[in-house]
2 protein chains.
Amino acid sequence: MAHSTIPDAELLDRLTEVFRAYGYHGASLSRLAAASGLEKASLYHRFPKGKQQIALAVAGGVYAWFQQHVFNPLKTAASTRDKLRIVIENLRIFYADGTKSCALDALSLAGENDELAAALKFALLAWRDAFAQVARDSGAPPDEAGSRALMAIAKIEGSLILARVLSDPAVFRRTLDELPDQLTGKAG
Amino acid sequence: MAHSTIPDAELLDRLTEVFRAYGYHGASLSRLAAASGLEKASLYHRFPKGKQQIALAVAGGVYAWFQQHVFNPLKTAASTRDKLRIVIENLRIFYADGTKSCALDALSLAGENDELAAALKFALLAWRDAFAQVARDSGAPPDEAGSRALMAIAKIEGSLILARVLSDPAVFRRTLDELPDQLTGKAG
DNA sequence: GTCTATAGCTTGATAGAC
DNA sequence: GTCTATCAAGCTATAGAC
């Protein structure tokens, strides 16, 4: 991609925003082209298999972001409190304080797209495992830790829907505030 | 089947399923026609303003269902425990044990559609108020009751996304199991 | 009230110039 | 690597027969 006028990372970011805002079916090639600043034919040059490949790249990009800003920080030797403070701040940034949807939600109504569905499932399981480790560190048994992690993720996902419908990020903010207690078991 | 009129309620149910399965943009007139058994022109006879009107009717139908099977049961004089048992069973039915999406989620990425957005917000606030009353009945102050209600709804919505991505309804089931404690404050 | 047929636009995708 | 131009198929929506 040496001669590209727009860097790959920047391009992927812009494409991601379209999928998060409109969902899989609503993210048309026209919208993707307009948002990226490229023409449709140029998008096909970079993603020869078209929209499915773009969606898969978006899912992969989001996974990579989470790996760097959520999963990896939780694996350091820092205290649970310090790690969670960083991760919560990063989640606040990723979801733009509750104003942007989760890619997991936006992409999971794609219909016939097994590869994408598998990628979303893989990413979600990695997220669960990262959160579950926090629960284990605070004394939860393995299966309880996994359930607690999934519940915490469910609250985040759900609060983003509510923030969207209500045009009010308050529920999302409270969810992030409660995340430490949620994972460490001080609340159900 | 040809030339036989379909009852309004049955028709609305089938249209609703398409929106819940594919989202607003993915629910094309062709899919709506195929699922309803009517031709596109017949759908326009019943909904002259087209897809926007269908989506609005779907939102209204879901609201009516919730009013009858969730909001009203919570207003009876029965015990909190008994009321919640009924409501939880009805939610399990509506979401088909976690295999069907929430209309709130599926319709809220519609883009430019202020009327639909307002209807979704209205329905969600009614749901919040119904759950909040349960929290108040168990001693929560008004604003805490409202927050607790929204959190409970967020968990339901989020667990449906997770169930969809994981193809596993376990998280949704656990969310429903925890709903009574969630609302009455025995868990955060 | 439902149908067939079709209009006009948008979609995902391709060909070929530069 | 990006562009203009184009295609067939799909889209929302309409007209008019029965």
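Quick note: numbers below take in every heavy atom, side chains included, and nothing from hydrogens, waters or symmetry partners. The model shown is predicted, which means the values in this text are computed figures rather than measured ones. Chain A is the first sequence line, chain B the second, and so forth, proteins listed ahead of strands; every chain is numbered from 1.
- As a whole-Å value, the separation of Leu32(B) CG from dA13(D) C1' is 14 Å.
- Counting only residues at least two apart or on different chains, the salt bridge (charged side-chain N to carboxylate O under 4.0 Å, His left out) pairs with a member in residues 20-30 of chain B are Glu17(B)-Arg20(B).
- Among residues at least two apart or in separate chains, salt bridge (charged side-chain N to carboxylate O under 4.0 Å, His left out) pairs with a member in residues 139-154 of chain B are Arg174(A)-Glu144(B), Glu144(B)-Arg148(B).
- Side chain of Glu39(A), nearest nucleotide from dC3(D), dC3(C), dG1(C): dC3(D).
- The side chain of Thr5(B) contributes no N or O atom lying less than 4.0 Å from OP1 or OP2 of dG1(C).
- Dashed line: the shortest gap from a side-chain N or O of Ser42(A) to OP1 or OP2 of dG1(D) is not under 4.0 Å.
- Partners of Ser79(B) under the side-chain hydrogen bond (donor to acceptor under 3.5 Å, both in side chains) rule, at least two apart in sequence or in another chain, are Asp82(B).
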Using atom types as modelled, flag every donor-acceptor pair under 3.5 Å from a side chain in residues 27-37 of chain A to any protein atom, sequence neighbours excluded.
unit_1   : atom_1 : unit_2   : atom_2 : d
Ser28(A) : OG     : Arg31(A) : N      : 3.2
Arg31(A) : NE     : Gly26(A) : O      : 3.0
Arg31(A) : NH2    : Gly26(A) : O      : 3.2
Ser36(A) : OG     : Leu32(A) : O      : 3.0
Ser36(A) : OG     : Ala33(A) : O      : 3.1
Ser36(A) : OG     : Leu38(A) : N      : 3.2

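- What separates NE2 of His45(B) from P of dT2(C) is a distance of 7 Å, to the nearest Å.
- For Tyr22(A), there are no ring pair (Phe, Tyr, Trp, His ring centres under 6.0 Å) partners two or more places apart in sequence or in a different chain.
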Quick one: side chains of residues 108-120 of chain A, donor-acceptor pairs under 3.5 Å with protein atoms, not counting sequence neighbours, listed by atom name and distance.
unit_1    : atom_1 : unit_2    : atom_2 : d
Ser108(A) : OG     : Leu104(A) : O      : 2.8
Ser108(A) : OG     : Asp105(A) : O      : 3.0
Ser108(A) : OG     : Arg164(B) : NE     : 3.1
Ser108(A) : OG     : Arg164(B) : NH2    : 2.7
Asn113(A) : OD1    : Leu116(A) : N      : 3.3

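- Checked against ring pair (Phe, Tyr, Trp, His ring centres under 6.0 Å), Phe122(B) has the following partners two or more places apart in sequence or in another chain: Tyr63(B).
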**Prompt:** Along nucleotides 12-18 of chain C, 5' to 3', which nucleotides get a B, which get an S, and which get a -, given that the test is a protein heavy-atom distance under 4.0 Å?
**Reply:** BBBB---

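- For DNA chain D, none of the residues of residues 104-120 of chain A falls under the heavy-atom distance limit of 4.0 Å.
- Put simply, CZ on Arg46(B) is 18 Å from C1' on dA13(D), counting in whole angstrom units.
- Protein atom CG of Leu43(B) is 12 Å distant from nucleotide atom C1' of dC3(C), rounded to whole Å.
- The side-chain heavy atoms of Ile88(B) and Asp177(B), taken from C-beta on, include no pair separated by under 4.5 Å.
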